[in-house]
Amino acid sequence: MSDNIIEKKSCAIIAKIYVLPIIGVIIQNLFYGLSLIWICVVLSLLLIFINFQNKRISTDPLTQLNNRCQFDVYLQSIQRGMTRGVRYSIVFIDVDKFKKINDYYGHVYGDRVLIAVAGVLRQACEEKGAIIGRYGGDEFYVFCKTAIKDEIIKRIYKYLDEYNGTNNEGVILSLSIGTSDFEAEEFRDMESFVELADKAMYENKMK
């Protein structure tokens with residue numbers, strides 16, 4: 001699954017950060033007069049800076065989830081990590097009547113609602129090997145294996161109910177969810193699967 005690919009990339013960067021200075025010390029001890037330690041330290045710091053910048057670019061500043069830019073990146077990662085015969089799912093989530101919430105309670109409260117929804121998605125997808133992000137506005141996305149899709153959706157509603165049960169501000173949040181499923185062989189027509197999930201979400205919203 002693609003989340004494992006992303007995690008491996010992060011681990012590889014962290015390993016390089018620590019390994020480079022060690023390599024510099026070893027080479028410097030083997031070849032007297034050759035100074036590499038500070039070069040390796042500078043390279044490690046550069047890797048830290050690049051990793052930090054990439055994280056900022058790929059993270060939604062409000063919810064701290066993956067952002068819209070990462071959507072296509074993860075699609076490609078999923079494509080590379082796919083196993084033939086295994087179905088994957090795109091899940092789109094939209095906050096119902098979000099504009100009314102914003103208009104009545106203000107944008108600060110609206111931001112708190114989006115942060116709360118992000119928290120619900122984190123809980124629902126915890127240890128499930130799913131990728132979650134904010135698609136834009138009040139829309140979110142989840143990538144997961146189809147085998148666990150229904151469980152994740154159930155968990156989303158479960159944690160949403162828990163949030164509503166403890167929220168004393170008078171707003172009952174509801175979400176519309178749409179999904180589409182695909183296999184590695186069908187990946188060339190990925191745009192249609194994104195559109196199907198989006199359409200299903202809006203059909204759910206209209207009920």
Cluster check Leu160, Leu121: I/L/V/M/F/W/Y, side chain < 4.5 angstrom: yes

Closest non-hydrogen atom pair between Ala124 and Ile152, with its separation: CB-O, 4.0 Å

From Leu114 atom CG to Thr63 atom OG1, the distance as rounded to the nearest 0.5 Å: 7.5 Å

Atom pair OH (Tyr159) and SG (Cys125), whose distance is rounded to the nearest 0.5 Å: 10.5 Å

Side-chain touch Tyr135/Ile93, heavy atoms, less than 4.5 angstrom: no

Counterpart residues, side-chain contact (heavy atoms from CB on, under 4.5 Å), relative to Ala116 (two or more places apart): Tyr163

Donor on one side chain, acceptor on other, Asp96 and Ser176, under 3.5 Å: yes

Gap between atom CD1 of Ile172 and atom CG of Asn164 - 0.5 Å precision: 4.5 Å

Hydrophobic cluster identity match, Ile156 and Val95, side-chain contacts under 4.5 Å: yes

Heavy-atom side-chain proximity of Gln70 to Tyr141 below 4.5 angstrom: yes

Exceeds 12 heavy-atom contacts within 6.0 angstrom, atom OH of Tyr109: yes

Gap between atom CG of Asp94 and atom CZ of Phe140 - 0.5 Å precision: 9.0 Å

Side-chain heavy-atom pair Val171, Ile101 within 4.5 angstrom cut-off: yes

Heavy-atom side-chain proximity of Tyr105 to Val113 below 4.5 angstrom: no

Test side chain to side chain contact (heavy atoms under 4.5 Å, CB included) applied to Val117 and Arg134, step by step: CA-CA 10 Å; Val117 173; Arg134 183 183 177 193; over 6 Å; no

Shared hydrophobic cluster, Leu175 / Ile115 (ILVMFWY, side-chain heavy atoms < 4.5 Å): yes

Donor-acceptor contact present, side-chain Asp181 to main-chain Ser89, <3.5 Å: no

Atom pair CZ/CG of Phe98 and Leu173 - distance to nearest 0.5 Å: 9.5 Å

Step-by-step side chain to side chain contact (heavy atoms under 4.5 Å, CB included) determination, Ile90 to Phe143: CA-CA 5 Å; Ile90 299 173; Phe143 292 126; 3.6 Å; yes

Side-chain heavy-atom pair Gln64, Arg122 within 4.5 angstrom cut-off: yes

Rounded distance (nearest 0.5 Å) linking atom CZ of Arg155 with atom CD1 of Ile148: 9.5 Å

Side chain proximity check, Ile177 to Tyr157, heavy atoms < 4.5 angstrom: yes

Hydrophobic cluster membership, Phe71 vs Leu62, 4.5 Å side-chain cutoff: no

Same cluster (ILVMFWY, side-chain, under 4.5 Å), Val194 and Tyr88: yes

